[in-house]
Each structure stands twice: as C-alpha cells, then as structure tokens.
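Data first, discussion second: the structure below is written as structure tokens.
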Amino acid sequence: MASIIGVETLQHTNGTTAATIDSSGRILQPANPKFSVRLETSTSSNDYTSTSTSNVEFDTEEFDVGGCVAISSNVATFTALVTGYYQFNLSVTFQDTGGAGHLSTYLSIDGSTTSSSTNEDYRTLTDPQGGSYIALTSSHLIYLTANQTVNPRLHVHTDTSVMIRAGTRFSGFLVG
C-alpha cells in the first residue's frame, strides 16, 4: 500500500521556500531563474564591420525572475545563479543589410568569443545576398556553472549601414 505525504511547501534548511505545490498539483519554484529582454527602439546605422564582434543592443527588460539579467549601456548580461543546464533564445532582426557579406550572432560565455569565423560560440550565420531585412534566430541548451555569464554578440561583414531593429529579443531559463 502506498503512503501519502501531505506537502505544501518545501524549504531549504535556512528557511527559504524552495518550492510550493498549489491546489492543482503544480510545483512552483520561486528561485527558478528566467528572463526576457528586448530592443524597444531600433538602433541607428552603426559600423559593425570591425574584425571583432559587437554587443547586440537591448533597452527593455520584459521580466527577470531571480535577478539573473542586467542591462547596462544597452548590453544585456545573464549571470547563472546556480550550476545547471540553461535554455537560451536569441532573435536579432537586421535592417539595411544589402551590402553585408555575411551576418553572425553569438552567445559569448564569460566575455570570450573565439573568432568571428568559427562555430564554437553558439554561432548563427547567414548571407543576406542583397536583402534589406534579415532575422537570425537561435536556440541553445548550455551547461553553465554558477556565476558564469552569457552575452549576445554579433558580427556584420563589410557593411556600415546595418541597423538592429526593434523587437530583437534575448531570453532564457534554467532547465535543471
């Protein structure tokens, strides 16, 4: 015969609530980090053609459960609160890409990017071939240790008129 244990709240030994079970049986975790940031105002034309990558710009925090993301000088930085697997989603919409040889987006871990010509940094790549608008969308499951950081980055090859459009988004959450 199975035993039934009536549990409503699980607490850490320090008294902090780790999880609750609501009346529908859903387990709620208040410390489960998740976030979403977006660009509300399109950038002006920028010179993204340097030999290194640039930051993807963001200006609006949509939500931040756990205090895991910060925007400073239009740079969004996610910091892992605990060691585990995190799901990240990045969608960057570009405008005036007609002269670009190629466009790349990256997720930089702890501020490092190996190179604009490798695929080691969760890279997404496209060749706009004369198009004016391009969206690069990527989704990555990444294992991080506590306090590691993630920043969205980009590289535009040989075009100084490219803009990042409003609606560009970066989001993520702890899987476990």
Side-chain angles (χ1 to χ4, degrees), residues 7-43 46 48 52-94 103-116 118-125 135-156 163-176:
V7 176
E8 226 175 81
T9 302
L10 299 174
Q11 291 186 336
H12 187 272
T13 55
N14 69 5
T16 304
T17 298
T20 58
I21 302 172
D22 71 9
S23 61
S24 298
R26 292 177 295 197
I27 298 174
L28 308 172
Q29 298 172 293
N32 187 354
K34 54 186 108 349
F35 74 95
S36 181
V37 296
R38 74 174 186 277
L39 182 63
E40 182 75 23
T41 305
S42 296
T43 65
N46 288 300
Y48 294 117
S52 62
T53 59
S54 302
N55 292 306
V56 177
E57 296 182 34
F58 297 95
D59 57 15
T60 303
E61 184 179 286
E62 293 180 305
F63 61 87
D64 180 10
V65 176
C68 56
V69 71
I71 299 174
S72 177
S73 300
N74 288 354
V75 176
T77 301
F78 168 83
T79 302
L81 301 179
V82 296
T83 298
Y85 290 94
Y86 291 84
Q87 175 65 44
F88 293 99
N89 306 295
L90 177 62
S91 178
V92 181
T93 304
F94 297 94
L103 306 169
S104 299
T105 59
Y106 305 82
L107 291 181
S108 174
I109 311 299
D110 289 335
S112 69
T113 304
T114 55
S115 165
S116 62
T118 70
N119 296 317
E120 298 172 19
D121 297 307
Y122 306 98
R123 179 183 188 203
T124 303
L125 174 70
L136 284 177
T137 302
S138 61
S139 179
H140 304 283
L141 183 64
I142 302 173
Y143 181 80
L144 298 172
T145 58
N147 297 314
Q148 279 193 291
T149 61
V150 177
N151 298 91
R153 309 272 297 177
L154 64 89
H155 177 77
V156 177
M163 295 171 52
I164 302 172
R165 291 187 49 85
T168 289
R169 281 189 160 68
F170 175 47
S171 63
F173 58 92
L174 173 66
V175 174

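It should be emphasised that the depicted structure is a prediction, and the values quoted were computed from it without experimental measurement.
- Contact annotation: the side chain of I164 approaches that of V92 to within less than 4.5 Å [non-hydrogen atoms, C-beta and beyond].
- Legend: salt bridge (charged side-chain N to carboxylate O under 4.0 Å, His left out) pairs involving residues 71-85, not counting sequence neighbours: none detected.
- Qualifying side chain to side chain donor-acceptor pair (under 3.5 Å) partners for S24, counting only residues two or more places apart in sequence or in other chains: none.
- With sequence neighbours excluded, the residues satisfying salt bridge (charged side-chain N to carboxylate O under 4.0 Å, His left out) with E62 are R38, R169.
- Side-chain contact check for F88 versus L144: some heavy-atom pair is nearer than 4.5 Å.
- Closest of all the heavy-atom pairs between V37 and E61 is CG1-CA, 4.1 Å.
- Here the CZ-OG distance, from R153 to S54, works out to 6.5 Å after rounding to the nearest 0.5 Å.
- We find the OG-CG distance between S36 and N89 to be 9.0 Å, quoted to the nearest 0.5 Å.
- Contact between A76 and P152 at its shortest, heavy atoms only, is O-CD, 3.6 Å.
- Listed for the T83 side chain is a donor-acceptor partner under 3.5 Å among the backbone atoms of A146.
- Contact record, G66 with L81: O-CD1, 3.3 Å, taken as the closest heavy-atom pair.
- Atom OH of Y85 sits in a sparse spot, with 12 or fewer heavy atoms from other residues, nucleotides or ligands closer than 6.0 Å.
- To the nearest 0.5 Å, atom OH of residue Y86 and atom CG of residue L141 are 11.5 Å apart.
- In this structure, the side chain of S42 engages the main chain of A166 through a donor-acceptor pair within 3.5 Å.
- When ring centroids are compared, F78 and F170 stay outside the 6.0 Å threshold.
- Counting heavy atoms from C-beta on, the side chains of K34 and F63 come closer than 4.5 Å.
- Qualifying side chain to side chain donor-acceptor pair (under 3.5 Å) partners for T79, counting only residues two or more places apart in sequence or in other chains: none.
- Using a 4.5 Å heavy-atom cutoff, the side chains of V75 and N151 are in contact.
- Considering OG1 of T77 and CG of N55, their distance stands at 7.5 Å, rounded to 0.5 Å.
- The salt bridge (charged side-chain N to carboxylate O under 4.0 Å, His left out) analysis of residues 79-92, with sequence neighbours excluded, yields no pairs.
- Judged by distance alone, the side chain of D110 and the main-chain N or O of T149 form a donor-acceptor pair under 3.5 Å.
- Side-chain contact check for L154 versus F94: some heavy-atom pair is nearer than 4.5 Å.
- Here T93 pairs with nothing under the side chain to side chain donor-acceptor pair (under 3.5 Å) rule; sequence neighbours left out.
- Between the CG atom in D64 and the CZ atom in F35 there is a gap of 8.5 Å [rounded to 0.5 Å].
- Atom OG1 of residue T60 and atom CD1 of residue I71 lie 6.5 Å apart, to the nearest 0.5 angstrom.
- With D59 contributing its side chain and E40 its backbone, the two residues share a donor-acceptor pair below 3.5 Å.
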